[in-house]
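Everything on this sheet refers to the single structure shown next.
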Amino acid sequence: MNITVLDDYQDTVRTLACFGNAAGHHVTIWNDHTQDVDVLAERLKDTEALALIRERTPVRAPLLERLDRLRIISQVGGYPHIDVESCTRRGVILSSAMFPGRPSYATAELTWGLILAALRRIPQEMAALKAGKWQTSAIGFGVRGRTLGIYGYGRIGSVVAGYGKAFGMQVLVWGRETTIAKARADGYATAASREAFFEASDVLSLHLRLVEATRGIVTQADLARMKRTALLVNTSRAGLIASGALEGALRAGRPGMAAVDVFEEEPVLGARHPLLAMNNVVCTPHLGYVERDGLETMFSAIFDQILAYASGKPLNVVNPEALPMSRT
(Lines give C-alpha, C1' and ligand atoms only; values in the text may rest on other atoms or scores of the structure.)
Protein backbone atom coordinates (compact mmCIF):
# COMPACT_ATOMS: atom_id res chain seq x y z
CA MET A 1 0.00 0.00 0.00
CA ASN A 2 0.98 3.64 -0.43
CA ILE A 3 1.17 5.00 3.12
CA THR A 4 1.60 8.70 3.88
CA VAL A 5 2.50 10.18 7.27
CA LEU A 6 1.74 13.87 7.75
CA ASP A 7 3.25 16.43 10.13
CA ASP A 8 6.21 14.45 11.46
CA TYR A 9 7.83 17.73 12.53
CA GLN A 10 10.94 16.19 14.09
CA ASP A 11 11.40 13.42 11.49
CA THR A 12 10.99 10.80 14.20
CA VAL A 13 8.70 8.15 12.69
CA ARG A 14 11.38 6.55 10.48
CA THR A 15 13.62 6.14 13.58
CA LEU A 16 11.02 4.19 15.60
CA ALA A 17 11.36 0.44 16.05
CA CYS A 18 7.79 -0.06 14.80
CA PHE A 19 8.65 1.59 11.48
CA GLY A 20 9.91 -1.82 10.40
CA ASN A 21 6.32 -3.07 10.59
CA ALA A 22 5.62 -1.11 7.41
CA ALA A 23 8.32 -2.95 5.45
CA GLY A 24 7.03 -4.01 2.05
CA HIS A 25 4.82 -0.93 1.78
CA HIS A 26 5.72 2.43 0.24
CA VAL A 27 5.86 5.04 3.01
CA THR A 28 6.07 8.78 2.37
CA ILE A 29 6.71 11.08 5.33
CA TRP A 30 6.13 14.84 5.34
CA ASN A 31 7.96 16.87 7.98
CA ASP A 32 6.39 20.26 7.32
CA HIS A 33 2.81 21.37 7.88
CA THR A 34 0.17 22.72 5.58
CA GLN A 35 -3.61 23.01 5.69
CA ASP A 36 -3.86 24.17 2.08
CA VAL A 37 -6.30 21.77 0.43
CA ASP A 38 -4.68 22.09 -3.00
CA VAL A 39 -1.24 21.26 -1.60
CA LEU A 40 -2.56 18.36 0.46
CA ALA A 41 -4.54 16.97 -2.44
CA GLU A 42 -1.40 16.92 -4.59
CA ARG A 43 0.68 15.33 -1.82
CA LEU A 44 -1.94 12.68 -1.09
CA LYS A 45 -3.18 11.90 -4.62
CA ASP A 46 -1.66 8.39 -4.61
CA THR A 47 -2.19 7.72 -0.91
CA GLU A 48 -4.15 4.63 0.07
CA ALA A 49 -3.46 4.77 3.82
CA LEU A 50 -3.12 8.09 5.62
CA ALA A 51 -1.37 8.12 9.02
CA LEU A 52 -2.13 11.14 11.19
CA ILE A 53 -0.27 12.38 14.26
CA ARG A 54 -3.13 13.33 16.53
CA GLU A 55 -5.02 16.45 15.40
CA ARG A 56 -2.29 18.30 13.54
CA THR A 57 -4.05 18.31 10.15
CA PRO A 58 -7.83 18.52 9.70
CA VAL A 59 -9.26 16.13 7.12
CA ARG A 60 -12.62 17.40 5.88
CA ALA A 61 -14.89 16.94 2.87
CA PRO A 62 -13.13 19.36 0.46
CA LEU A 63 -9.93 17.33 0.82
CA LEU A 64 -11.52 13.87 0.99
CA GLU A 65 -13.45 14.48 -2.21
CA ARG A 66 -10.15 14.80 -4.10
CA LEU A 67 -8.51 11.65 -2.70
CA ASP A 68 -9.88 8.90 -4.93
CA ARG A 69 -7.31 6.31 -3.90
CA LEU A 70 -7.62 6.81 -0.15
CA ARG A 71 -8.99 3.74 1.65
CA ILE A 72 -8.08 4.16 5.33
CA ILE A 73 -7.15 6.88 7.79
CA SER A 74 -5.19 5.46 10.71
CA GLN A 75 -4.52 7.34 13.94
CA VAL A 76 -5.01 7.13 17.71
CA GLY A 77 -7.26 9.09 20.07
CA GLY A 78 -10.17 11.41 19.39
CA TYR A 79 -11.06 12.63 15.92
CA PRO A 80 -12.72 16.08 16.01
CA HIS A 81 -10.43 17.03 13.10
CA ILE A 82 -11.87 14.36 10.78
CA ASP A 83 -15.14 14.52 8.85
CA VAL A 84 -16.27 10.99 9.63
CA GLU A 85 -19.51 11.33 7.68
CA SER A 86 -17.60 12.26 4.52
CA CYS A 87 -15.20 9.37 5.10
CA THR A 88 -18.12 6.97 5.30
CA ARG A 89 -19.78 8.38 2.22
CA ARG A 90 -16.59 7.82 0.22
CA GLY A 91 -15.89 4.38 1.66
CA VAL A 92 -12.86 5.53 3.66
CA ILE A 93 -12.37 3.69 6.92
CA LEU A 94 -11.27 5.57 10.02
CA SER A 95 -9.33 3.34 12.42
CA SER A 96 -8.45 4.96 15.74
CA ALA A 97 -7.14 3.12 18.79
CA MET A 98 -8.46 4.90 21.87
CA PHE A 99 -6.32 3.26 24.61
CA PRO A 100 -9.15 3.45 27.19
CA GLY A 101 -8.01 3.98 30.75
CA ARG A 102 -4.44 4.85 29.76
CA PRO A 103 -3.53 8.46 30.61
CA SER A 104 -0.91 10.43 28.73
CA TYR A 105 1.79 10.33 31.37
CA ALA A 106 4.01 12.33 29.02
CA THR A 107 1.53 15.23 29.10
CA ALA A 108 1.25 15.03 32.88
CA GLU A 109 5.04 15.06 33.19
CA LEU A 110 5.38 18.05 30.89
CA THR A 111 2.72 19.86 32.92
CA TRP A 112 4.82 19.40 36.01
CA GLY A 113 7.95 20.46 34.18
CA LEU A 114 6.22 23.68 33.12
CA ILE A 115 5.05 24.34 36.68
CA LEU A 116 8.59 24.13 38.07
CA ALA A 117 10.10 26.03 35.13
CA ALA A 118 7.64 28.90 35.48
CA LEU A 119 7.62 29.20 39.27
CA ARG A 120 11.41 29.01 39.58
CA ARG A 121 11.91 31.12 36.42
CA ILE A 122 14.28 28.52 35.00
CA PRO A 123 14.18 29.67 31.32
CA GLN A 124 14.81 33.29 32.29
CA GLU A 125 17.72 32.38 34.55
CA MET A 126 19.23 30.10 31.89
CA ALA A 127 19.10 32.92 29.34
CA ALA A 128 20.67 35.35 31.80
CA LEU A 129 23.45 32.92 32.71
CA LYS A 130 24.29 32.34 29.04
CA ALA A 131 24.43 36.11 28.65
CA GLY A 132 27.09 36.31 31.38
CA LYS A 133 24.81 37.36 34.24
CA TRP A 134 23.99 35.77 37.60
CA GLN A 135 20.61 35.57 39.39
CA THR A 136 19.04 38.52 37.62
CA SER A 137 15.34 37.57 37.52
CA ALA A 138 12.74 38.27 40.18
CA ILE A 139 13.02 35.53 42.79
CA GLY A 140 10.79 32.50 42.21
CA PHE A 141 8.48 30.38 44.33
CA GLY A 142 8.54 26.84 45.69
CA VAL A 143 5.49 24.58 45.56
CA ARG A 144 5.33 22.85 48.96
CA GLY A 145 2.34 24.00 50.98
CA ARG A 146 0.78 25.90 48.06
CA THR A 147 -2.57 25.08 46.44
CA LEU A 148 -2.64 23.20 43.15
CA GLY A 149 -5.96 23.69 41.35
CA ILE A 150 -6.93 20.91 38.96
CA TYR A 151 -9.68 21.94 36.53
CA GLY A 152 -10.90 18.65 35.09
CA TYR A 153 -10.15 15.53 37.11
CA GLY A 154 -9.88 13.03 34.26
CA ARG A 155 -7.11 10.70 33.18
CA ILE A 156 -4.38 13.36 32.99
CA GLY A 157 -5.71 15.68 35.68
CA SER A 158 -5.74 12.88 38.23
CA VAL A 159 -2.08 12.06 37.48
CA VAL A 160 -1.05 15.72 37.82
CA ALA A 161 -2.94 15.84 41.14
CA GLY A 162 -0.89 12.89 42.35
CA TYR A 163 2.34 14.65 41.40
CA GLY A 164 1.19 17.72 43.31
CA LYS A 165 0.48 15.64 46.40
CA ALA A 166 3.95 14.08 46.16
CA PHE A 167 5.46 17.58 46.13
CA GLY A 168 3.54 18.51 49.29
CA MET A 169 0.91 20.70 47.65
CA GLN A 170 -2.70 21.09 48.74
CA VAL A 171 -4.75 19.78 45.82
CA LEU A 172 -8.07 21.45 45.02
CA VAL A 173 -10.34 20.15 42.23
CA TRP A 174 -13.08 21.72 40.12
CA GLY A 175 -15.00 20.43 37.10
CA ARG A 176 -18.13 18.50 36.24
CA GLU A 177 -20.10 16.91 39.07
CA THR A 178 -18.96 13.44 38.04
CA THR A 179 -15.27 14.36 38.17
CA ILE A 180 -15.75 16.24 41.43
CA ALA A 181 -17.28 13.10 42.92
CA LYS A 182 -14.34 11.01 41.68
CA ALA A 183 -11.83 13.47 43.15
CA ARG A 184 -13.58 13.33 46.51
CA ALA A 185 -13.56 9.53 46.40
CA ASP A 186 -9.79 9.70 45.80
CA GLY A 187 -9.38 11.88 48.88
CA TYR A 188 -8.91 15.29 47.29
CA ALA A 189 -10.58 18.52 48.36
CA THR A 190 -13.01 20.16 45.97
CA ALA A 191 -13.81 23.87 45.73
CA ALA A 192 -17.01 25.23 47.20
CA SER A 193 -17.61 27.18 43.99
CA ARG A 194 -16.02 28.06 40.66
CA GLU A 195 -15.17 31.50 41.99
CA ALA A 196 -13.50 30.05 45.08
CA PHE A 197 -11.49 27.68 42.91
CA PHE A 198 -9.92 30.46 40.85
CA GLU A 199 -9.34 32.62 43.94
CA ALA A 200 -7.64 29.90 45.99
CA SER A 201 -5.33 28.31 43.42
CA ASP A 202 -1.64 29.20 43.51
CA VAL A 203 -1.14 26.98 40.47
CA LEU A 204 -4.17 26.29 38.28
CA SER A 205 -3.81 23.58 35.65
CA LEU A 206 -6.39 22.93 32.90
CA HIS A 207 -7.22 19.33 32.01
CA LEU A 208 -10.43 19.48 29.99
CA ARG A 209 -11.37 18.16 26.58
CA LEU A 210 -12.12 20.83 24.01
CA VAL A 211 -15.72 20.40 22.88
CA GLU A 212 -18.39 23.00 22.17
CA ALA A 213 -19.43 23.03 25.83
CA THR A 214 -15.88 23.79 27.03
CA ARG A 215 -14.75 26.22 24.32
CA GLY A 216 -13.95 29.51 26.05
CA ILE A 217 -14.96 28.05 29.41
CA VAL A 218 -12.21 30.02 31.17
CA THR A 219 -13.16 33.68 30.94
CA GLN A 220 -11.50 37.03 31.59
CA ALA A 221 -13.57 37.28 34.79
CA ASP A 222 -12.27 33.89 35.98
CA LEU A 223 -8.66 34.90 35.44
CA ALA A 224 -9.21 38.26 37.15
CA ARG A 225 -10.05 36.35 40.35
CA MET A 226 -6.62 34.71 40.49
CA LYS A 227 -3.80 35.87 42.77
CA ARG A 228 -1.10 38.19 41.48
CA THR A 229 1.41 35.47 42.39
CA ALA A 230 -0.59 32.64 40.74
CA LEU A 231 0.36 30.52 37.73
CA LEU A 232 -2.07 29.39 35.02
CA VAL A 233 -0.95 26.21 33.18
CA ASN A 234 -2.50 24.93 29.95
CA THR A 235 -1.30 21.71 28.35
CA SER A 236 -4.78 20.76 27.10
CA ARG A 237 -6.17 23.04 24.39
CA ALA A 238 -5.84 26.78 23.81
CA GLY A 239 -9.53 27.06 22.96
CA LEU A 240 -10.49 26.36 26.59
CA ILE A 241 -9.58 29.97 27.35
CA ALA A 242 -11.64 32.76 25.79
CA SER A 243 -9.81 34.35 22.88
CA GLY A 244 -7.37 37.02 24.06
CA ALA A 245 -8.36 36.58 27.71
CA LEU A 246 -5.06 35.16 28.93
CA GLU A 247 -2.94 37.86 27.29
CA GLY A 248 -5.16 40.56 28.76
CA ALA A 249 -5.18 38.97 32.20
CA LEU A 250 -1.38 38.66 32.29
CA ARG A 251 -1.00 42.32 31.34
CA ALA A 252 -3.39 43.20 34.18
CA GLY A 253 -1.34 41.11 36.61
CA ARG A 254 -3.89 38.41 37.47
CA PRO A 255 -2.59 35.76 37.23
CA GLY A 256 1.02 36.78 37.52
CA MET A 257 2.36 33.97 35.34
CA ALA A 258 1.37 31.43 32.73
CA ALA A 259 2.85 28.30 31.19
CA VAL A 260 1.34 27.05 27.94
CA ASP A 261 2.02 24.18 25.56
CA VAL A 262 -0.91 24.80 23.21
CA PHE A 263 -1.95 27.58 20.82
CA GLU A 264 -5.04 28.49 18.82
CA GLU A 265 -3.29 27.93 15.47
CA GLU A 266 -0.43 25.46 15.29
CA PRO A 267 2.38 25.33 14.48
CA VAL A 268 3.40 28.79 15.65
CA LEU A 269 6.22 29.96 13.39
CA GLY A 270 8.29 33.13 13.33
CA ALA A 271 7.51 33.76 17.03
CA ARG A 272 4.19 35.25 15.90
CA HIS A 273 2.17 34.95 19.08
CA PRO A 274 1.73 37.61 21.80
CA LEU A 275 2.47 35.16 24.64
CA LEU A 276 5.99 34.60 23.27
CA ALA A 277 6.83 38.25 23.90
CA MET A 278 5.88 38.11 27.59
CA ASN A 279 8.61 37.58 30.18
CA ASN A 280 6.14 36.09 32.67
CA VAL A 281 5.13 33.23 30.34
CA VAL A 282 6.86 29.92 29.65
CA CYS A 283 5.90 28.49 26.26
CA THR A 284 6.60 25.12 24.64
CA PRO A 285 5.58 23.94 21.11
CA HIS A 286 2.86 21.39 21.98
CA LEU A 287 5.26 18.83 23.41
CA GLY A 288 2.75 17.25 25.82
CA TYR A 289 2.37 13.85 24.20
CA VAL A 290 5.51 14.16 22.05
CA GLU A 291 8.15 11.83 23.46
CA ARG A 292 9.77 8.72 22.01
CA ASP A 293 8.00 6.00 24.00
CA GLY A 294 4.63 7.60 23.38
CA LEU A 295 5.23 7.89 19.64
CA GLU A 296 6.41 4.27 19.57
CA THR A 297 3.11 3.19 21.14
CA MET A 298 1.14 5.49 18.86
CA PHE A 299 2.70 4.32 15.60
CA SER A 300 2.72 0.67 16.58
CA ALA A 301 -1.08 0.99 16.73
CA ILE A 302 -1.24 3.11 13.55
CA PHE A 303 0.77 0.62 11.48
CA ASP A 304 -1.07 -2.35 13.02
CA GLN A 305 -4.37 -0.81 11.91
CA ILE A 306 -3.10 -0.29 8.37
CA LEU A 307 -1.73 -3.84 8.13
CA ALA A 308 -4.96 -5.26 9.54
CA TYR A 309 -6.92 -3.38 6.88
CA ALA A 310 -4.58 -4.64 4.15
CA SER A 311 -5.19 -8.20 5.33
CA GLY A 312 -8.96 -7.72 5.20
CA LYS A 313 -9.45 -7.63 8.98
CA PRO A 314 -9.61 -3.93 9.95
CA LEU A 315 -9.20 -2.93 13.61
CA ASN A 316 -10.68 -0.15 15.77
CA VAL A 317 -13.06 1.00 13.04
CA VAL A 318 -14.93 4.17 13.96
CA ASN A 319 -17.29 4.04 10.95
CA PRO A 320 -18.17 0.40 10.22
CA GLU A 321 -20.79 1.66 7.74
CA ALA A 322 -17.87 2.33 5.37
CA LEU A 323 -16.73 -1.29 5.36
CA PRO A 324 -19.02 -2.55 2.55
CA MET A 325 -17.83 0.30 0.30
CA SER A 326 -14.15 -0.05 1.07
CA ARG A 327 -11.73 -1.95 -1.17
CA THR A 328 -8.60 -3.57 0.24
Side-chain donor-acceptor pair present, Ser96, Asn316, cut-off under 3.5 Å: no
Residue list, ring-ring contact (aromatic ring centres under 6.0 Å, His included) with Tyr289, at least two apart or on another chain: His286
From Arg237, His81, Gln75, residue fulfilling side-chain hydrogen bond (donor to acceptor under 3.5 Å, both in side chains) relative to Glu55: Arg237
Check: Tyr151 ring centre within less than 6.0 Å of Phe197 ring centre: yes
Pairs where residues 270-281 contributes a residue and the test side-chain hydrogen bond (donor to acceptor under 3.5 Å, both in side chains) is met, not counting sequence neighbours: Glu264-His273
Residue pairs fulfilling side-chain hydrogen bond (donor to acceptor under 3.5 Å, both in side chains) with at least one residue in residues 115-126, sequence neighbours excluded: none
Side-chain donor-acceptor contact under 3.5 Å, Asn2 with Thr47: no
Pairs where residues 249-262 contributes a residue and the test side-chain hydrogen bond (donor to acceptor under 3.5 Å, both in side chains) is met, not counting sequence neighbours: Asp261-Thr284
SB check Arg69 Glu48 (cutoff 4.0 Å): yes
Result block: side-chain N/O donor-acceptor pairs under 3.5 angstrom for residues 163-178, not counting sequence neighbours:
none

Any side-chain donor near an acceptor of the partner, Tyr9 and Asp32, under 3.5 Å: no
Arg292: partners by salt bridge (charged side-chain N to carboxylate O under 4.0 Å, His left out), with sequence neighbours left out: none
Sidechain N-carboxylate O distance under 4.0 Å for Arg14, Asp8: no
